Amino acid sequence: MLKVYNSLTRRKEVFESLIPGYAGMYVCGPTVSGESHLGHARPYITFDVVYRYLMHLGYKVRYVRNITDAGHFEEEGREAEDKISKKAVIEKLEPMELVQKYTNLFHWAFERFNTLRPSIEPTATGHIVEQIEMIKKIIEDGFAYVVNGSVYFDVKKYNEVFAQKGLPYGILSGRVLEEMLETTRELDNQEEKRNKTDFALWKNAPPEHIMRWPSPWGEGFPGWHIECSAMSQKYLGDQFDIHGGGMDLQFPHHEAEIAQSAVCNGRILAKYWMHNNMITINGKKMGKSYNNVIKLSELFTGNHPMLDQAYHPMTIKFFILQTHYRSTLDFSNDALKAADKGLKRLWEAYENLNKLTNDSGQMTDKNNEKSTVNQQPSTEENLDVKIVKLVNEFEEFINDDFNTAKVLANMFELVPIINGIKDKHIAADTISTSTLQLLQQQMKIYVEDILGLQSIQQHNNTQLNGIIELMINLRKEARQKKDYTLSDRIRNELGALGIQLKDEKDGNISYTIG
RNA sequence: GGUCGGAUGGCCGAGUGGCUAGGCAGAGCUCUGCAAAAGCUCGUACAGCGGUUCGAAUCCGCUUUCGACCUCCA
């Protein structure tokens with residue numbers, strides 16, 4: 001039974017989809033006015049696991065994640081310019097050219113993370129009509145007003161009406177409107193608003209704005225929150241199951257979405273609200289405003305002053321999955337290096353486990369092997385029971401609000417067992433065939449299908465692999481002749497190239513690249 | 001200032017009223033021609049001060065401290 005922490009109720013709740021068998025999920029996607037950084041990796045990896053797990057549970061899932069390609073106006077106005085058009089001028093690019101570039105980079109990065117593409121990836125600019133229609137409806141119902149070609153949402157009026165319907169403004173973030181109205185903080189460019197809590201649905205475009213669309217209120221562009229209301233409504237309906245995004249979006253973005261959609265649909269747009277926590281760096285949130293971001297491409301190449309080395313996308317993904325999504329996660333080189341080593345060890349054990357499948361004769365053939373030789377005295381009477389317990393807990397843990405950290409911890413507890421069987425520290429007949437099958441089957445499901453992990457190595461170069469095999473054979477021959485000078489030279493020089501040879505117990509030699 | 005959330009061993013991080021989280025690093029050992037890898041063993045941590053309790057890192061209060069949101073932000 002899947003339980004998710006619902007930000008709306010601040011409790012873990014049993015997940016029950018609105019329509020049995022189907023699940024709708026909307027996740028706030030990237031603003032493609034710049035390159036994605038490490039902080040962005042968190043929500044898309046987190047919700048990728050949610051998506052994968054819902055599918056694993058048999059739901060037919062529609063996963064919608066928008067691309068924000070229209071510049072969101074800085075409502076409070078100090079830098080009152082459309083972000084995207086501003087950057088385009090600097091870089092002398094067409095706005096849509098810029099948008100395309102960063103969209104491509106986004107897709108490139110998240111393919112390397114092995115995240116699945118959403119079912120629909122709608123763009124804000126592709127849904128101007130829907131947004132205008134929604135704004136019209138909100139005006140008609142009396143919850144928005146027009147000033148100088150701009151449209152503002154009347155938060156105070158909304159709250160008066162909808163608080164009685166159980167949807168007060170602040171329902172998600174726990175804010176009390178009266179308190180917010182009392183705040184004496186003064187900001188510029190607010191004179192058009194009736195109250196400082198009001199937010200823009202549509203902004204009149206000054207002449208220098210490149211991105212602009214005609215509307216009933218003049219030429220302009222949509223406000224920051226309306227696209228998500230419009231697009232989620234279009235593709236997921238008046239109400240859907242999960243709305244996800246970073247914690248920093250809870251207020252005001254999600255709060256505004258709720259209000260807009262409530263006016264149009266009469267109810268809260270999503271049943272479960274899931275928010276991932278932030279990635280921090282030196283204890284501070286990684287974010288644009290702090291000027292402390294590390295871009296994903298910089299992480300992949302190691303090309304950043306704060307990085308000791310390059311980190312593989314899978315390492316970063318593993319790093320993220322080792323922490324519960326609602327906890328902050330602090331970036332450091334040491335932490336990423338630890339993740340890198342841990343992942344490699346886990347993956348090697350996983351491959352060892354899969355090999356146990358291939359020559360399963362070894363496992364079933366209990367009688368002809370003297371399994372007493374090398375083994376440790378088995379303090380673990382029922383290794384079988386232990387394995388079954390660890391494996392069965394995968395489901396228990398992922399069901400507990402997607403606790404990938406605990407799933408991985410259990411996998412690490414299985415690693416010594418798997419390696420022990422492979423190296424024959426543990427007799428093969430200590431565990432039953434059915435347990436081995438369960439282990440193999442569930443590991444595959446969780447490692448690959450649900451967590452979406454992949455090998456960190458590229459095995460695709462057959463020429464290189466052929467050459468290495470050749471060197472391995474030469475080394476084997478040298479060792480047989482006890483020509484250790486030559487055998488060590490082969491191993492050392494390959495090692496210097498990043499190809500590590502390991503002499504296995506059975507006389508074979510395995511290797512890892514990188 | 002308001003609202004909310006943290007403070008866990010050298011580092012990263014789970015977590016629960018009593019039972020070893022896990023990873024990385026470190027120490028010792030086994031295996032090995034030597035390495036590496038692997039396996040075994042080990043560090044007994046929960047910010048501080050009170051309180052509740054037979055028992056609290058886990059519940060309550062206070063203190064210290066860090067952070068998030070209130071402005072674009074994943």
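Note that the coordinates shown come from a computational prediction; the quantities given were computed from them, not determined experimentally. Proteins come first, then strands; the chains are lettered A, B, ... in the order of their sequence lines, and each starts at number 1.
Heavy atoms of Ser289(A) sit under 4.0 angstrom from at least one base atom. Here Asn403(A) lies in heavy-atom contact (under 4.0 Å) with sugar-phosphate atoms only. At a threshold of 4.0 angstrom between heavy atoms, the contacts of Lys502(A) include nucleobase atoms, whether or not backbone atoms are also involved. Note on Asp488(A): a base of the nucleic acid sits closer than 4.0 angstrom, heavy atoms only. Using a 4.0 Å heavy-atom criterion, one finds that Leu501(A) contacts the bases of the nucleic acid, with or without backbone contacts as well. Note on Lys406(A): only backbone sugar-phosphate atoms sit closer than 4.0 angstrom, heavy atoms only; bases stay farther off. Ser36(A) comes within 4.0 angstrom of no nucleic acid atom, judged by non-hydrogen atoms across all strands.
Here, C42(B) and G48(B) have their P atoms 26 Å apart, quoted to the whole Å. When the C1' atom is compared between U8(B) and C12(B), the two are found 11 Å apart, to the nearest whole Å. Straight-line distance between the P atoms of U16(B) and A7(B): roughly 12 Å, to the nearest whole Å. Taking atom P in both G9(B) and G1(B), the straight-line distance is 29 Å, to the nearest Å.
For the contact set between residues 471-483 of chain A and RNA chain B, defined by any heavy atom under 4.0 Å, the members are Arg475(A), Arg479(A).
The distance from the CD1 atom of Ile279(A) to the NE2 atom of His37(A) is 8.0 Å, given to the nearest 0.5 Å. With values rounded to the nearest 0.5 angstrom, Thr328(A) atom OG1 is found 12.5 Å from Met286(A) atom CE.
Partners of Asn114(A) under the side-chain contact (heavy atoms from CB on, under 4.5 Å) rule, at least two apart in sequence or in another chain, are Arg52(A), Met314(A), Lys317(A), Gln454(A). A search for ring pair (Phe, Tyr, Trp, His ring centres under 6.0 Å) contacts involving Phe113(A) returns Phe110(A), Phe300(A), not counting sequence neighbours.
Side-chain rings of His254(A) and His225(A) stay apart, their centers remaining 6.0 Å or farther from each other.
Within the structure, salt bridge (charged side-chain N to carboxylate O under 4.0 Å, His left out) pairs that include any residue of residues 392-401 of chain A comprise Lys12(A)-Asp400(A), Arg326(A)-Asp401(A), Lys389(A)-Glu393(A) (at least two apart or interchain). Residue pairs satisfying the ring-ring contact (aromatic ring centres under 6.0 Å, His included) criterion with at least one member in residues 319-343 of chain A, sequence neighbours excluded, are absent.
When distances run from any side-chain atom of Met286(A) to the nucleotides C34(B), G23(B), A74(B), the shortest one goes to A74(B). Checked against A36(B), A74(B), A14(B), the side chain of His324(A) finds its nearest nucleotide in A14(B). Here the side chain of Leu249(A) is nearest to one of A74(B), A21(B), C11(B), namely A74(B). The nucleotide whose nearest atom lies closest to any side-chain atom of Asp330(A) is, among C12(B), C4(B), G39(B), C12(B). Considering only the side chain of Arg345(A), C24(B) comes nearest among C24(B), G33(B), A74(B). The side chain of Arg491(A) sits closest to G33(B) out of G13(B), G33(B), A38(B).
For the pair Tyr290(A) and Tyr484(A), both in contact range of RNA chain B, the more 5′-proximal nearest nucleotide belongs to Tyr484(A). Mapping Asp400(A) and Met278(A) onto RNA chain B via the closest heavy atom, the residue that lands nearer the 5' end is Asp400(A).
Remark: RNA chain B takes part in the stems B:1-7 with B:64-70, B:10-12 with B:22-24, B:26-30 with B:38-42, B:47-51 with B:59-63, each of 3 or more antiparallel Watson-Crick or G-U pairs, criterion distances under 3.5 Å.
Side chain of Ser229(A) to main chain of Glu257(A): a donor-acceptor pair is present (N/O by atom type, distance under 3.5 Å, no hydrogens or angles).
When the options Ile450(A), Thr323(A), Val49(A), Ile320(A) are evaluated for a side-chain contact (heavy atoms from CB on, under 4.5 Å) with Thr404(A), the one that passes is Val49(A).
Taking the six-membered ring where tryptophan is involved, the planes of Tyr53(A) and Tyr446(A) are tilted, since the angle between them lies from 30° to 60°.
More than 90° away from 0 lies the glycosidic angle of G17(B), which makes this nucleotide anti.
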